[in-house]
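One structure is given below, encoded as C-alpha coordinates.
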Amino acid sequence: MTKKKSLDLSSTLRQVRDPIIEVECRACGWAGNYVRAELVKKHGASVTFGRLRRMSALGCDRLVDSEGDRCGTRFPCLQPTVSDGEASG
Ligand SMILES: [Zn+2]
(Lines give C-alpha, C1' and ligand atoms only; values in the text may rest on other atoms or scores of the structure.)
Protein backbone atom coordinates (compact mmCIF):
# COMPACT_ATOMS: atom_id res chain seq x y z
CA MET A 1 0.00 0.00 0.00
CA THR A 2 2.22 2.78 -1.19
CA LYS A 3 0.70 6.18 -1.30
CA LYS A 4 1.69 8.20 -4.29
CA LYS A 5 3.79 11.11 -3.20
CA SER A 6 1.79 14.20 -3.62
CA LEU A 7 3.27 17.31 -5.07
CA ASP A 8 3.44 20.52 -3.13
CA LEU A 9 5.14 23.89 -3.20
CA SER A 10 8.49 22.31 -2.42
CA SER A 11 8.24 20.23 -5.57
CA THR A 12 10.29 21.28 -8.53
CA LEU A 13 9.39 21.77 -12.16
CA ARG A 14 11.21 18.53 -12.89
CA GLN A 15 8.55 16.60 -11.00
CA VAL A 16 5.67 17.99 -12.99
CA ARG A 17 5.34 16.88 -16.57
CA ASP A 18 2.44 19.01 -17.67
CA PRO A 19 3.41 21.09 -20.71
CA ILE A 20 1.23 23.90 -19.42
CA ILE A 21 1.43 24.94 -15.79
CA GLU A 22 -1.76 26.55 -14.64
CA VAL A 23 -1.83 29.05 -11.84
CA GLU A 24 -4.76 30.71 -10.14
CA CYS A 25 -5.61 32.89 -7.20
CA ARG A 26 -9.06 32.29 -5.86
CA ALA A 27 -8.78 35.14 -3.41
CA CYS A 28 -8.27 37.58 -6.26
CA GLY A 29 -10.22 35.73 -8.90
CA TRP A 30 -7.54 35.51 -11.53
CA ALA A 31 -6.03 32.65 -13.40
CA GLY A 32 -3.28 32.17 -15.90
CA ASN A 33 -0.84 29.66 -17.18
CA TYR A 34 2.80 29.20 -18.04
CA VAL A 35 4.51 27.13 -20.65
CA ARG A 36 6.63 24.67 -18.70
CA ALA A 37 9.44 24.73 -21.24
CA GLU A 38 9.68 28.50 -20.91
CA LEU A 39 9.90 28.29 -17.13
CA VAL A 40 12.61 25.64 -17.33
CA LYS A 41 14.53 27.79 -19.79
CA LYS A 42 14.29 30.84 -17.54
CA HIS A 43 14.66 29.36 -14.08
CA GLY A 44 15.91 25.81 -14.55
CA ALA A 45 14.11 22.56 -13.84
CA SER A 46 15.10 22.65 -10.18
CA VAL A 47 13.10 25.77 -9.37
CA THR A 48 10.41 25.04 -6.80
CA PHE A 49 6.75 25.87 -7.12
CA GLY A 50 7.13 27.92 -3.98
CA ARG A 51 9.42 30.25 -5.87
CA LEU A 52 7.21 30.25 -8.94
CA ARG A 53 4.28 31.09 -6.73
CA ARG A 54 6.04 34.13 -5.31
CA MET A 55 6.86 35.28 -8.82
CA SER A 56 3.34 34.63 -10.06
CA ALA A 57 1.77 36.49 -7.18
CA LEU A 58 3.89 39.60 -7.44
CA GLY A 59 0.91 41.56 -8.66
CA CYS A 60 -1.21 40.42 -5.76
CA ASP A 61 -1.72 42.83 -2.87
CA ARG A 62 -2.66 40.00 -0.55
CA LEU A 63 0.76 38.43 -0.84
CA VAL A 64 2.20 41.26 1.23
CA ASP A 65 -0.76 41.84 3.51
CA SER A 66 0.04 43.32 6.92
CA GLU A 67 -0.87 39.98 8.39
CA GLY A 68 1.46 38.16 6.05
CA ASP A 69 0.90 36.06 2.99
CA ARG A 70 -2.84 35.82 2.48
CA CYS A 71 -2.75 35.28 -1.23
CA GLY A 72 -4.55 32.26 -2.60
CA THR A 73 -2.22 31.75 -5.52
CA ARG A 74 -1.85 28.07 -6.18
CA PHE A 75 -1.08 25.55 -8.88
CA PRO A 76 -3.97 23.22 -9.70
CA CYS A 77 -1.52 20.73 -11.20
CA LEU A 78 -0.03 20.09 -7.75
CA GLN A 79 -3.25 18.60 -6.47
CA PRO A 80 -5.55 15.94 -7.79
CA THR A 81 -8.87 17.34 -8.81
CA VAL A 82 -10.74 18.39 -5.74
CA SER A 83 -14.49 18.28 -5.78
CA ASP A 84 -15.68 20.82 -3.30
CA GLY A 85 -19.13 20.72 -4.79
CA GLU A 86 -19.59 24.35 -4.02
CA ALA A 87 -20.31 26.88 -6.67
CA SER A 88 -18.69 30.19 -5.98
CA GLY A 89 -21.08 33.02 -5.85
ZN1 LIG B 1 -3.90 36.73 -4.80
Side-chain angles (χ1 to χ4, degrees):
M1 227 168 65
T2 46
K3 205 172 180 183
K4 195 177 175 187
K5 189 179 186 302
S6 61
L7 298 165
D8 58 26
L9 287 176
S10 67
S11 302
T12 63
L13 269 184
R14 185 176 286 118
Q15 294 172 261
V16 174
R17 311 305 295 188
D18 299 346
I20 302 293
I21 309 288
E22 289 182 43
V23 55
E24 68 177 17
C25 177
R26 285 194 171 184
C28 305
W30 70 271
N33 55 62
Y34 296 108
V35 178
R36 182 180 177 279
E38 297 278 316
L39 290 175
V40 171
K41 201 184 292 180
K42 273 188 200 165
H43 309 293
S46 60
V47 70
T48 64
F49 278 86
R51 285 188 60 186
L52 291 174
R53 178 179 175 276
R54 301 292 293 191
M55 287 186 262
S56 308
L58 278 183
C60 180
D61 291 341
R62 294 171 208 257
L63 188 68
V64 289
D65 191 89
S66 56
E67 289 177 40
D69 178 355
R70 293 169 57 107
C71 181
T73 297
R74 64 188 201 90
F75 298 92
C77 63
L78 295 183
Q79 289 120 328
T81 315
V82 182
S83 54
D84 51 18
E86 191 182 348
S88 61

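One-based numbering along the sequence shown. Note that ligands are numbered from 1 as they come in the structure, with each ligand's atoms numbered from 1 the same way. Predicted, not measured: the structure shown is a model, and the values here were computed from it.
- Excluding waters, the set of protein N, O or S atoms lying under 2.8 Å from the Zn ion (ligand 1) comprises Cys25 SG, Cys28 SG, Cys60 SG, Cys71 SG.
- A salt bridge links Arg26 with Glu24; the closest basic N to acidic carboxylate O contact falls under 4.0 Å.
- Screening Val16, Leu52, Asn33 for a side-chain contact (heavy atoms from CB on, under 4.5 Å) involving Ile21 leaves a single residue, Val16.
- When side chains are defined from C-beta on, Phe49 does not count as touching Leu7, because their heavy atoms never get closer than 4.5 Å.
- A donor-acceptor contact shorter than 3.5 Å links the side chain of Gln15 to the backbone of Thr12.
- Looking at Arg74, Arg54, Arg62 one by one, the single match for salt bridge (charged side-chain N to carboxylate O under 4.0 Å, His left out) with Asp69 turns out to be Arg54.
- In plain terms, the two heavy atoms of Cys60 and Cys71 that are nearest each other are SG-SG, 3.3 Å.
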